[in-house]
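The structure under discussion appears below in the form of structure tokens.
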Amino acid sequence: MNPAPAHLELTTAPHVHAPISTPRVMYEVVAALLPVIAAAAYFFGVTAILMVATGAAVAALTEWAFSDRQGLGTLRDGSALLTGALLALTLPPALPLWMVALGAAVAIALGKLVLGGLGHNLFNPALVGRAFLQAAFPTTMTTWSAPGQGFWHIESATVAPPMLHAAVDVVSAASPLGLVKFEQKTTELLPLVTGNVAGSLGETSAVVLVVVGVVLGLRKVFDWRLPVATLATVVVFSGVLWLFGLSPSPAFMLSSGGLLFGAVFMCTDPVTTPVTAKGAWYFGLGVGVLVVLIRNFGGLPEGVMYSILLMNAATPLLNRVSQPRRLGG
Amino acid sequence: MSHDNGPSLWSTFSAGLWRENPIFAIVIGLCPTMAVTNTVTNALVMGVATAFVLMGSSAMVSALRKVTPGPVRITIYIIIIATFVSAVDWALAALLPLAHKQLGAFISLIVVNCIILGRAEAFAARNPVLPSVLDALGMAAGFTLAMLMISTPREILGSGTLLGLPLFGPRFEPWVIMVLPPGGFLTMATELTILAWWRHRSAERQALAEAT
Amino acid sequence: MDDLVWIFANASVINNFTLAYFLGLCPFFGVTNRIDTAFRLGVANLFTLLITSLSATLLDRYVLVHAPYLQLISYIVVIAGTVQFVEMAIKKLSPALFRALGIDLPLITTNGAILGLALFQSSKGYGLVQGLVYALGAGVGLTLAMVIMAGLREEIEFAPISKLLRGVALNFFVAGMLSLAFMGFAGLFAKG
Amino acid sequence: MGDFAGAVAILAGLCLFFGVVLALANSKLKVWQDPRVDDVAGKLPGANCGACGQPGCRAFAEQVVAGKLAPGKCTVSSAGIIADIAGLLGVEAGGDEKRVARLACAGGKSAVRDIADYRGLGSCGAAAVVAAGGRACPWGCLGLGDCARSCNFGAIVMKSEGLPVVDVGKCVACNDCVVACPLGLFSLRPMSDQILVQCSTPLAGPMAREMCQVACDACGRCALDAPAGAIEMVGGLAVVRAAGFSDVKSTLRCPTGAIQWVEAGQFALPKRVALRALSLGRLHARAG
Amino acid sequence: MSRLLPLSARATFAHGVHPAEHKEATHASVIERMRFADTYVLALSQHIGAASKPVVRVGQRVERGQLIAEPVGFVSTALHAPVAGTVAAIEPRPLPAGKSGLCIVVRRDPFDSQRFTDQITSRYPPGDADDLIQRVQHAGIVGFGGAAFPSHVKLSVPEGKRVRDVFLNGCECEPYLTCDHRVMVERPQAVLRGAELVRQQVHAERVYIGVEANKPDAIAALRAHIPALSPIEVVELTVKYPQGAEKMLIDAVVHRRVPAGKLPIEVEAAVQNVATAAAIADLVDLGVPLVERVVTVTGPGIARPANVLVPIGTPLRELLDHCGGLLPTARQVVLGGPMMGLAQKDLDVPVTKGLSGVLALTEPATWLQEQPCIRCGRCLDACPMFLNPQRLALMVRHERTEDLEALHLRDCFECASCSFVCPSNLPLVQLMRVGKGLLRRQQEAA
Amino acid sequence: MSAPEPTSATLIGTLTLAGLLSGLVLVGVFQSTKPLIAANRAAAMEAAVTRVVPGAVKAASYERVDGKVRASQVAVGASSDKPMAYAGLDKAGKVVGYAIPAEGPGFMDTIRVLYGYVPGAGTIVGMEVLDSRETPGLGDKIYKDADFVANFKKLDSKPEIVGKKKGTKSKPNEIDFITGATISSKAIVKILNGSAAQWAEPLAAGATPTQGKQP
């Protein structure tokens, strides 16, 4: 007869658990970013890698600086790295690195830590960082350098010393959305799909984003309803406006600007989007409508960031109105 | 002023300056604080204008406190305040037309600055003229101090200038957000946090000192 | 028509009275701890704004033609008088409503948004219809900002936030981020 | 100068108009409220604890002014404040004898065995739903401090033995800990109830003693030593039947110390001192 | 909502989870008997409802199957001696839920043959269907699924109601457990006989036996014994937890949803466990009261996993010893399935009527430390009651009782699907229970 | 508060008295500051007029009624309920052009501008932003960017002003937009086009100031 263990352990049911954890979800998303970073490096050169590294490092550093020093705080779950990398990928390629660092610090400190850390942020931290940069440096944030200038090409602006702007003007190219808004020129679909256009680091290549999004969705890393609702709304709404000549074609709307990147990586942030299934549909609908409104009738060429931030703000309300009806109730 | 009630008058004045600072401690009168603190000059002019209105209306309210019937007192206070504000508005337009243009409608909006009505109701209506004026002076000084504390970082970072004078070289990249509405909210929030932290620390130190 | 759309968009979201003009911050922070209270006060404000817009237009047109410089004091007397009257009436007619809204009522008087609306609409030279649309936009914008803020605050109530940040500072941080998000509306419908 | 007169007239006219409206409103819509309610409410602590049975301090003030409650029903206010309120209203202070929260368990860490490791949320409510915690006694204090957290007056502190100790000076008998304890170990007792049975186990005899050193094993000695009917044995526990009964003698022969004579707070004496008192008591009993 | 276009060929309910099954250790283990123990501890309250009242004295001699406690009221049931012997004590003893309760302790007579005596058969005469409800109550039969709801209550149809369909629950959706599976495989005729008895008793038109698709042998065994034109149908269900819950089972088979807070009778349904049906058949055909049941003893921490026919009241220690005892690596003993079962703090507890399995686990589910909730919403997608566990948990932590009511905490039946899928490993079910305690105590205080 | 309840008459009386007194004070202050304020406004407007109408040293106010332009009694810079324009007069008192205030929606809020206009040819000779809340660092370039302001030194308003991407203007009626602040640039163009369309005819017709008194 075997001796029974001296002390049994008391834990609550269930005594089995699904093979899933928050850190794993985070690292899967980080892994999904790798192809996006690779595409960015392909089009914008080493600058892309520098910027992503800066963003991730500063974000992690900020998290470490403000969290309790024992046990690295919430560093281990990888969410800070993710926030920093995501932020960098939404920035224009010629942005000074010190601005990337500032944005990452703001994203973590303001977007996340002030509100109680992981799981309690109200707005997507990366987008808070980006919105801060957009409001602080409106010109620099809308100056795009052209893709394909060689892998080792670094704009002088990128390495501008902190607090200063570049000595020499960036050789700028207009983004497809800027072109259509201000010069009524549309861009061919092919470069939009491959990503060989001016724009923020991570957003240009539609094909990479679609593949990554589908993989993440199938692996159930995020709630598929959010990106699907967002993209479907944009297609339908812009399609209707397109028929009246009030919007570029849905295909252009989908493949240009930060829509796909936002739909795959920003709309799917679980913390700042509704928990309910119905709420997810509402959220996507809201983002889609706002994107189309801002792009076509607003003052800015691009509105994905603001649309998502605004819907983030509405998320507690959406959660409230979309409470599921209990079974049989 | 008699010698023995000097200290109490002084504390009446100093309360508003820091301990009961209208912005940082009581957190009222926020509208102008946020709206006009994008430059130090504006903040100063606003502070002085508010101070004038605050003192004038406090004196009047206090002087008339015995003949003001309760049910209509708020309306009467507001008439008094609005009178002073109108006067300040025109005085500024006549004397400092540029600053007046910069501040625009916010001069008129001093009327609805909660500090003024608040002090009228909470202090001037219950105290004689001299303490009321001193209280108003203290509050106004505290208000102006707070306005300066908020406007200084906003102007330095947001425009790279202080009182309109450039501080940095031509390559300085200003943080435009600081002079925009979000910058106002965030600066205020940051300063409140720093103050709370500072108060917390000094309270801790005091407790420690008392314990040992 | 385009003009009216822009006026509405401008007052409600582009230059949201609270988030861009900082008007009515006291009630904005004071009553946004619960969504239903925020909504109720937002609607109350909306009605007050509409009434104020109407009264201001009438005052401008029929009373102040002889002495336009009395604008400020007349507006404020009308607003203060009306609010005080409404307060008394509610106290008498519905003590329950008064208890629920009691503290908030005087806030409407000193709500910069009300006076601001009257002053702005007059300085922009809006007529009766434009003024009402402007008031409607401002009211909708205020309500929107307050309800969203209340939603966010109901959420952060449960977050493990340091004591140093809790309270006013935190509200300002949240309002700052909300204001940042509202910048996306800049230039909406400006094309006309 | 027509301008001048016109302007003054406009303003005076406006004010006259609103003066009339407000005066009318003031006379027609006046609501009278007893100003004493404000005065009383101002004197109350404003803790809104509900110990008086009213939803809040203001509601209590209304009831007191209306004469429906005695000021002394507020257990939080000091005697001075209550006298003050009573004086203001010209009524008797009234009120009950001070009651405090008492814990029906003395099983600290050293007295009761841990037989399993509870791992999970650190609250009694949570431990109670997982096999009633890791201690051998499923009726006893879980020691995770839900009561201390529920106390708005800082009257309950978890001591090193893992038992909550009630500061009788701070306790206002607000009932919060009674609700907070998932095992229902707290009850509100008048201070004059000095004999406390600090155990809740229905087990008797060796089974009870094996589980916990200070369990009531229902030996019945206290019932024998007390006047007839003052203490009864019910379901494996001694129960004090007589209100206000406090005779130290009846506790002296308790073999485990489950029944205690308490002067102020429970567990006031360190265990060794308590044991010495116990043996001294036995000596006394023998001598008597 | 009727499903015109079912996504999968097999029927199932909405939401729920699919844990790893872990049934391979015992699903082929033939039910075995164990040696009699020396003492049996019979809790007076091992069913939902009022505790039974003892009808024996300490020191009294009892026969195997003799009534030792009788029901008190309608929602209550009887208790019988599992062995012949003497009543050693009637006193509080520790029970599986962690609490203690009054128990009748029976010391086995080592010289008795332990046969059911004629007296028992005559007390529950075979074949008479009219008083089945009374007989089931007095035979002490309760639901074998885990909740131990007295079966006779579900056999009686209230005035003005009717039962159209009877559902036999053969899902056994909890991982590890195989006791119902073995009963269906080894005693399909008893199950079908019980099904027919229940159907006749409630005057139902049809009987559906819901069995999950991972038990093809059970499905085959049952189907092989269903005669032609029988109103009994075996329905193969997609493997999903908690399909064995009454409301889920009805939804899965006929897509009728029981109104919140109501019983299956509202949708003209009655649900019984398959093993319960077999017990009813045994009562009617053999006159045997409920004195033993099949228990799955399994898990990585037990020497010899098995399905054991255990007399009610057997000390847990003896049952474990029968299966070779706990391995040194065992760190937890769970009574019930891994999803809803209760971890035990000691092994001095008896087997009760509701016990379906004993799990010896080597690695507690707290392998991952609790992380902050990231509001991913997986718990909402898992909750078969369509509640919002994430929000509920938050409200429990902040003791917002009015919100708990508004969010329908009372509808939670603690199936643990939410905790199972939570990537942040929040103790959601534990919080739900804490919340219910909170509501209960507040109600009592008010 | 032990004070006796005030009677209605007291309430009405105090309030009216307060209004009366405040009215007196206000009128007094206003009357004493009025000339200064008016002078400030006139000086500011005149200075702006001389800046946008090259060669002008003085301004005279005109108003548009029923599609006709006539001299106005309203002082330069004072507000009026009729559309106003200011004639820029040279030393000799000859009209060298008109300064016209105009406004319209911008990126953030209403933009108010003053532009110099020479009727007949319809040439815009200068432009100044009087009031705007455009984004600092971006939209505010409509008055801070010298290159942009220089666009309006000589610009044909007929048939209408057309904005082009920076560095691509080729025709006399085209201007260069500001990079990154296209909306604000567009708003200026829209405001000028709208205003010029309204004023072109009346100014061309009644170009010679009649100085006549109005009824």
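Labels below follow one simple rule: chain letters A, B, ... track the order of the sequence lines, proteins then strands, and each chain is numbered from 1.
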Is any side-chain heavy atom of [X] less than 4.5 Å from a side-chain heavy atom of [Y]?
{"X": "Phe137(A)", "Y": "Ile177(B)", "result": "no"}
{"X": "Leu102(A)", "Y": "Trp175(B)", "result": "yes"}
{"X": "Glu173(B)", "Y": "Pro96(A)", "result": "no"}

*Passes side-chain contact (heavy atoms from CB on, under 4.5 Å), Phe132(A) versus Leu186(B)? Steps please.*
CA-CA 11 Å; Phe132(A) 184 90; Leu186(B) 296 179; 4.3 Å; yes
*Can you sort out the partners of Leu167(B) under side-chain contact (heavy atoms from CB on, under 4.5 Å), two or more places apart, ordered by chain and number?*
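Testing Leu167(B) for side-chain contact (heavy atoms from CB on, under 4.5 Å), a comparison that skips the adjacent residues, returns Ile156(B), Leu162(B).
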_Using every non-hydrogen atom in the two residues, find where Ala135(A) and Leu180(B) come nearest and quote the distance to one decimal._
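What the structure gives for the nearest pair is O-CD1, 3.9 Å.
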